[in-house]
Amino acid sequence: MKSTLISKEKNIAKFTMEFTAEEFENAIIEVYKAQKNRFVIDGFRKGKAPRSIIEKKYGEGVFFEDAINNLFSLRYPLAIDELDLEVIDSPKAEFSQIKKGEGFTVTITVECYPEIEVRDYKGVETEKVSAEVTDEDVENEIKSMARRNSRMITVDRPAKEGDMVLIDYEGWIGDEQFEGGTAERQPLKLGSGTFIPGFEEQLIGVSTGEDKDVKVTFPEDYHSKDLAGKEAVFKCKVHEIKEEELPEIDDDFVKDISEFDTLDQLRADTREKLEKAAEARAESSMKNSVIEKVVESNDIDVPDAMVESEIDSMMSEFDQQLRGQGMDLASYFKYLGREPEEFRDELREEALKKVKTRMIVNGVAKQENFEVTDEEVSKEIEEMAKQYSLEADKIREMLGTQNLEMIASDIKMKKAIDFMYDNAVKK
């Protein structure tokens, strides 16, 4: 196969792929071998009919389409790599006349990643973000450790905010009990905001064994349109009230939950960890600020194909999240009575911002000629291997060539972000 670039203007590349008669013939032979068992020819056992007999009965072009498709799918990636084209959309192909025993030419037109020149990415002014950790921050973190090691104990008193109550409830609108509004022995932490606004507050002060009618109004934007905006009564029965019992924060507590012997040691370690986390958050915040300012100062044309591809990725990611909850995208749209295109439109602005940001950062990486070494990729893979408790070679095998290239691209973009940050003016 021979690839020849005809033109590249305004991000549209046009090139040809020329296949010889021999390449075409070999592709036809491979298709015949793969498909001959599909043909039933009188006088031949299934799969034993010669190619010439099949072509005589079904036409000499019976294998052409699949042979051409196979050639195209195998050679197109090689062609764009040879011509150094970074395509962002599906190609449009025009084929020359196809004849047996002859070669053919495919003329490709495809949209490519736009060449951009990023301006004003050095010396960007950004406000310093404080990474200070106070004594109060340290004490609050230790209190959080205590809460994570607390236990719930049953109490014989009226419920108060922060208690866990165990309730039965039935939901009614007027004289009709509505679907999905019933539960038995449902745990509910008062003040958690888990239930409909106004529900939990009305259970404060109830006692074990008490019945309570809780009157609420469903929000206007409630996910179930049958209930949105309607007044309802939940008939509740309180079975149990529990409160959180915190351990005493002392040296014994420290020995139980950590590798340290004293509270002072735990405080010192906690401060160190909080300071590292605060510094990382501050740096991340300032980096984001720098990137946003560079993006704002560069007006570039973002190809629609890249935005649509980003929306596809966002919808796919959301679908995966839904599947983790036992639902999928189609069921989600049906449940809410929404159209997929409406949802795509809502994602478009965010997708546009993501694509533009990537283009800007990638542009900086190109202009600064950042490169990624094999050692840098290997180091990244080793970090992934530690994270997933796997061998580095196994991670590399699972990723494959394409994903390894994506890792290299991510490293290059990180270098660009670090470069902009290092050259920013922190005030």
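Below, all heavy atoms of this structure are taken into account, side chains as well, without hydrogens, waters or symmetry copies.
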For I54, is there any backbone N or O sitting under 3.5 Å from a side-chain donor or acceptor partner on K36?
no
Tell me which donor-acceptor pairs under 3.5 Å the side chains of residues 114-124 have, and how far apart each pair is, sequence neighbours excluded?
| from | atom 1 | to | atom 2 | distance (Å) |
| --- | --- | --- | --- | --- |
| R119 | NH2 | S297 | O | 3.0 |
| Y121 | OH | E368 | OE2 | 2.6 |

Looking at K415 and E376, is any side-chain nitrogen of the basic one under 4.0 Å from a carboxylate oxygen of the acidic one?
yes
Please tell me whether D66 and Q35 have a donor and an acceptor in their side chains that are separated by less than 3.5 angstrom.
yes
Please verify the inter-ring angle class for Y222 with F218; under 30° counts as parallel, over 60° as perpendicular, anything in between as tilted.
tilted
Please report whether the ring centroid of F64 lies less than 6.0 Å from that of F104.
no
Any carboxylate oxygen within less than 4.0 angstrom of a Lys/Arg side-chain nitrogen, looking at K287 and E283?
yes
Donor-acceptor pair, distance only, cut-off 3.5 Å: does the side chain of D81 make one with the backbone of P77?
no
Polar contact flag, side-chain donor to acceptor under 3.5 angstrom, S284-R281
no
Under a 3.5 Å distance rule, please check whether R51 uses its side chain to pair with a backbone N or O of I29 as donor and acceptor.
no
When you measure from the side chain of N11 to the backbone N and O of C112, does any donor-acceptor pair fall under 3.5 Å?
no
Distance from M315 atom CE to L322 atom CG, nearest 0.5 Å?
10.0 Å
Salt bridge or not for K427 and E125, using N-O below 4.0 Å?
yes
Do K99 and F24 form a cation-pi contact, if we require the NZ or CZ to be under 6.0 Å from the six-membered ring centre and within 45 degrees of the ring's axis?
no
Is the backbone N or O of Q177 less than 3.5 Å from a side-chain atom of E170, with the two atoms forming a donor-acceptor pair by type?
no
Under 3.5 Å side-chain donor-acceptor pair for D328 and S331:
yes
With a 4.0 Å cut-off, would you call E349 and K353 a salt bridge?
no
Say you draw a straight line from CZ of F15 to CD1 of I80; how long is it, rounded to the nearest 0.5 Å?
7.0 Å
Return yes if some donor-acceptor pair links the side-chain N/O of S96 with the main-chain N/O of T105 below 3.5 Å, else return no.
yes
Does the pair E244/K143 count as a salt bridge with the N-to-O cut at 4.0 Å?
no
Sub-3.5 Å donor-acceptor pair from the side chain of N288 to the main-chain atoms of S285, do we have one?
no
Mind jotting down which residue pairs meet the salt bridge (charged side-chain N to carboxylate O under 4.0 Å, His left out) criterion with at least one end in residues 71-80? Sequence neighbours excluded, please.
E23-R75
When you measure from the side chain of S144 to the backbone N and O of N140, does any donor-acceptor pair fall under 3.5 Å?
yes
K412 and E405: salt bridge (Lys or Arg N to Asp or Glu O under 4.0 Å), yes or no, with the steps?
CA-CA 11 Å; K412 190 180 294 186; E405 291 173 355; over 6 Å; no
Examine F234 together with F195 and report whether their ring centres are nearer than 6.0 Å.
no
Any idea how F95 and F72 line up, ring-wise: parallel (<30°), tilted (30 to 60°), or perpendicular (>60°)?
tilted
Is it true that D269 and K273 make a salt bridge, defined as a side-chain N closer than 4.0 Å to a carboxylate O?
yes
Trace of the salt bridge (Lys or Arg N to Asp or Glu O under 4.0 Å) decision for E382 with K386
CA-CA 6 Å; E382 287 169 7; K386 289 178 184 177; over 6 Å; no
Might you point out which heavy atoms bring G229 and T217 nearest each other, and give the distance in Å?
O-CG2, 3.8 Å
Distance-only donor-acceptor check, side chains E141 and T270, under 3.5 Å
no
To the nearest 0.5 Å, what is the distance between CZ on F44 and CG on D42?
10.0 Å
With the threshold set at 4.0 Å, does a side-chain nitrogen-carboxylate oxygen contact exist between R267 and E139?
yes
Between K354 and E317, is the salt bridge (Lys or Arg N to Asp or Glu O under 4.0 Å) condition met? List the steps.
CA-CA 15 Å; K354 284 184 175 182; E317 184 178 344; 5.5 Å; no
Run the salt-bridge test on R338 and E346 with the 4.0 Å N-O cut-off and return the result as yes or no.
yes
Pairs flagged by salt bridge (charged side-chain N to carboxylate O under 4.0 Å, His left out) wherever residues 303-316 is involved - sequence neighbours left out
E308-R344, E308-R348, E310-R358, D312-R344
